[in-house]
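Atoms within each ligand, like the ligands themselves, are counted from 1 in listed order.
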Amino acid sequence: MSKPLSFSAFVMNTASHIIHGLWRDENGHQKNFNDVELWVSLAKKLDEGGFDAIFFADVIGLYGDHRGGWEYHVKTGLQIPSNDPMVLMSALAVNTKYLGLAFTAAPLQEHPFNFARRVSTLDHISKGRIAWNIVTSYSANAFRNFGYDGLVPHDERYRWADEYVDVLYKLWEGSWDDGALLQDVKSGIHADPAKVHKINHIGERYKVEGPHLVSPSPQRTPVLFQAGASSTGREFAARNAEAVFIVAPDPENARQLINEIQRLAKQNGRDENDILVFQGLSFVIGETEEEARRKEAELDQKIDLDMMIAHMAGGMGIDLGNISLDTPLKHIETEGVRSTYEWLKQSTPGRTPTVRDLAKLRTRSSRIVGTPETIADQLEIWREAGIDGVNMINAVIPGSYEEFIDLVMPVLRRRGLAREGHSEPSTFRKKLFGSDLLNERHPVAKYRGAFAAKSTTQ
Ligand SMILES: Cc1cc2nc3c(=O)[nH]c(=O)nc-3n(C[C@H](O)[C@H](O)[C@H](O)COP(=O)(O)O)c2cc1C
C-alpha cells in the first residue's frame with residue numbers, strides 16, 4: 001500500500017506571502033503577524049490537527065523593482081514588513097509537541113559558525129524538530145544589505161552554499177563525538193576533551209576553527225529542505241537535501257521532476273528514497289462542486305494580480321509593472337529565480353505564456369478545487385506521481401488550515417492519504433525517515449569521527 005502523505009503549512013512571518021491581496025480579507029488574520037499569538041495558536045492547531053510541519057519562507061531584502069521602484073512593495077505589504085522566522089521557532093517549539101518546525105535562511109545572512117550554534121540551540125529547545133530550508137537568495141537588495149554591490153551570480157551563489165553547508169556539517173557532525181558530554185558530578189568532568197574537536201576549516205570564504213559550542217542536539221543536523229529547481233539548484237539538492245519543495249504545475253510535470261531528482265540522488269551516491277518531495281498546493285473546499293466553484297470565483301475576485309506580478313517577476317529580477325497582462329513572455333534570462341520561468345512554460349503547454357499567466361502561476365496551477373472527496377481523488381493522483389508530501393499554501397490564516405483540518409483531513413485519513421494522528425513525540429527526521437540522524441550516504445557522514453585523531457592542543 002502507498003504511504004500516507006505528509007502535510008506541512010507553508011507560511012511566512014509577514015502580512016502577505018503568496019496569495020496576495022488577502023491580508024485585507026475580513027476572514028484573514030495574517031495582518032496580525034507581529035503578534036506571536038497568531039503563530040502559536042496556528043502551530044497548536046496544526047499540531048493537534050495532524051499536520052507534520054509548519055514551514056516558514058523568508059527573504060532578507062526587497063523583491064526587484066515594480067514600476068521602476070520599491071514604493072509599491074511597502075505600500076501593498078509585499079513581504080515587507082517581515083519578521084525573522086528563526087526567532088519565532090523557539091516560541092512555537094515550546095507550545096507544540098509533534099510539529100516539525102522549518103525555517104528558511106540563506107548563507108548570505110549569517111556566518112556559519114553562529115548559524116550552526118543557533119540551529120543546534122533550536123534543535124535542543126524543540127527536542128529535535130528543527131528543519132532548515134537552504135536558499136541562496138535572489139534579491140539584489142538583500143546582497144546590497146550585506147555589503148555586496150548586487151546579486152552574486154546564480155551558480156556562484158550555489159558554490160557559496162556548498163562551502164557554507166560544509167562548515168556546518170563539520171560543526172554539527174564532527175566536532176563532538178557521541179558520549180562527549182559526561183556531566184559526571186562525582187569526578188567533576190563535565191565533558192571529555194578527547195571527544196571534542198576543533199574543525200580547522202579553511203576554505204574560499206570561511207575560516208572556522210571550532211569546536212562547535214553546542215553539544216550534539218537530537219538530530220545534530222536539522223532536516224534539510226531545499227527549493228531551488230534550476231539545474232545547479234537540483235544538483236545541490238541531490239547532494240544535500242532530504243526534502244525538496246517544488247511547485248510543479250501538474251502531476252505529470254511533478255513526476256518528471258521527481259524522476260530527475262531521484263536520478264541525481266543516485267548519481268551522488270544516495271538512495272532515491274533519501275530525498276522526499278513536497279509539492280506546494282492550495283485548496284478551495286466546498287460541500288458540493290458548485291459551492292467550491294463559487295468560492296473559487298469569490299477568491300479570484302480578492303486576489304491582487306498586480307501584486308502577484310510584482311512578486312513573481314520581482315523574484316526573477318525583472319520589472320513587468322508597466323506591461324499589459326496579455327504581453328507574451330518568450331524568453332527570460334535571469335540571475336534570479338530561474339525555476340519560475342520553467343514552471344511558467346510547463347503550465348502553458350503549446351503556447352507562449354503571458355504576463356497574466358505569470359500572475360496566476362502560484363494561485364491557479366497549484367490549486368485544487370472541490371469537495372473533500374474530489375480533493376482526496378486529486379491528491380491520490382499527486383501521490384501516484386511520486387510526491388511524499390504537500391506544502392499547503394493558504395489564502396487566509398488560520399481559516400484555510402482550519403477548514404482543511406476539519407473537512408479534508410478526516411477523508412484523507414479514511415482513504416490512507418494522511419496518517420492516523422500522532423504516535424509518540426519524536427524528532428522530525430524520525431517521523432520522516434525513521435531515524436534521528438542523517439544516514440551514511442549523506443555527505444555529513446564523512447565528518448563523523450574525522451577530527452578525532454587530532455589532539456585538543458591543535
Ligand atoms: C517553491 C520555492 C520556494 C522558495 N522559497 C524561498 C524563500 O522562502 N526564500 C528565498 O530566499 N528563496 C526561496 N526560493 C528560492 C530558491 O531557494 C532559490 O534560491 C532560487 O529559486 C534560485 O535558485 P533556482 O534558480 O535554482 O531556482 C524558493 C524557490 C522555490 C522554487
Any atom of ligand 1 sitting under 4.0 Å from a heavy atom of [X]?
X: W343; answer: yes
X: F236; answer: no
X: S137; answer: yes
X: T232; answer: no

Answer yes if the side chains of [X] and [Y] hold a donor-acceptor pair under 3.5 Å, and no otherwise.
X: Y72; Y: D306; value: yes
X: E71; Y: H66; value: no
X: T232; Y: D155; value: yes
X: N133; Y: T104; value: yes

Per-atom contacts, ligand 1 versus [X] - under 4.0 Å to a heavy atom:
X: S230; result: 24 (P), 25 (O), 26 (O), 27 (O)
X: V247; result: 1 (C)
X: F245; result: 1 (C), 3 (C)
X: A227; result: 2 (C), 3 (C), 4 (C), 28 (C), 29 (C), 30 (C), 31 (C)
X: A57; result: 8 (O)

Check your understanding: So which of K431, R270, R429 actually passes salt bridge (charged side-chain N to carboxylate O under 4.0 Å, His left out) with E242?
Key ->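 Output: one option passes, namely R429.
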
Review point. Which word best sums up how the rings of F404 and F283 line up, parallel for under 30°, tilted for 30 to 60°, or perpendicular for over 60°?
Key: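 Correct class here is tilted.
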
Review point. Do the rings of F115 and W172 sit parallel, tilted or perpendicular, given the 30° and 60° boundaries?
Key: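 Rings of F115 and W172: tilted, as their planes differ by 30° to 60°.
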
Check your understanding: Is a salt bridge present between K302 and D25, judged by a nitrogen-to-oxygen distance below 4.0 Å?
Key ->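 Yes, K302 and D25 are salt-bridged.
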
Check your understanding: Of the choices Y158, Y138, F55, which has the non-hydrogen atom that lies closest to atom 23 (O) of ligand 1?
Key ->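 Residue with the shortest heavy-atom distance to the ligand atom: Y158.
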
Practice item. Consider every N or O of N133 and every N or O of ligand 1, then say whether any pair is closer than 3.5 Å. Key: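 Looking only at distances, the answer is no, because the N/O contact criterion of under 3.5 Å is not met.
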
Of the backbone atoms (N, CA, C, O) and the side-chain heavy atoms from C-beta on, which set of [X] has a member under 4.0 Å from an atom of ligand 1: side chain, backbone, both, or neither?
X: T136; value: both
X: V135; value: both
X: H154; value: side chain

**Study point:** Stepwise side-chain contact (heavy atoms from CB on, under 4.5 Å) check, R419 with R413
**Key:** CA-CA 6 Å; R419 255 184 286 278; R413 289 205 184 96; over 6 Å; no

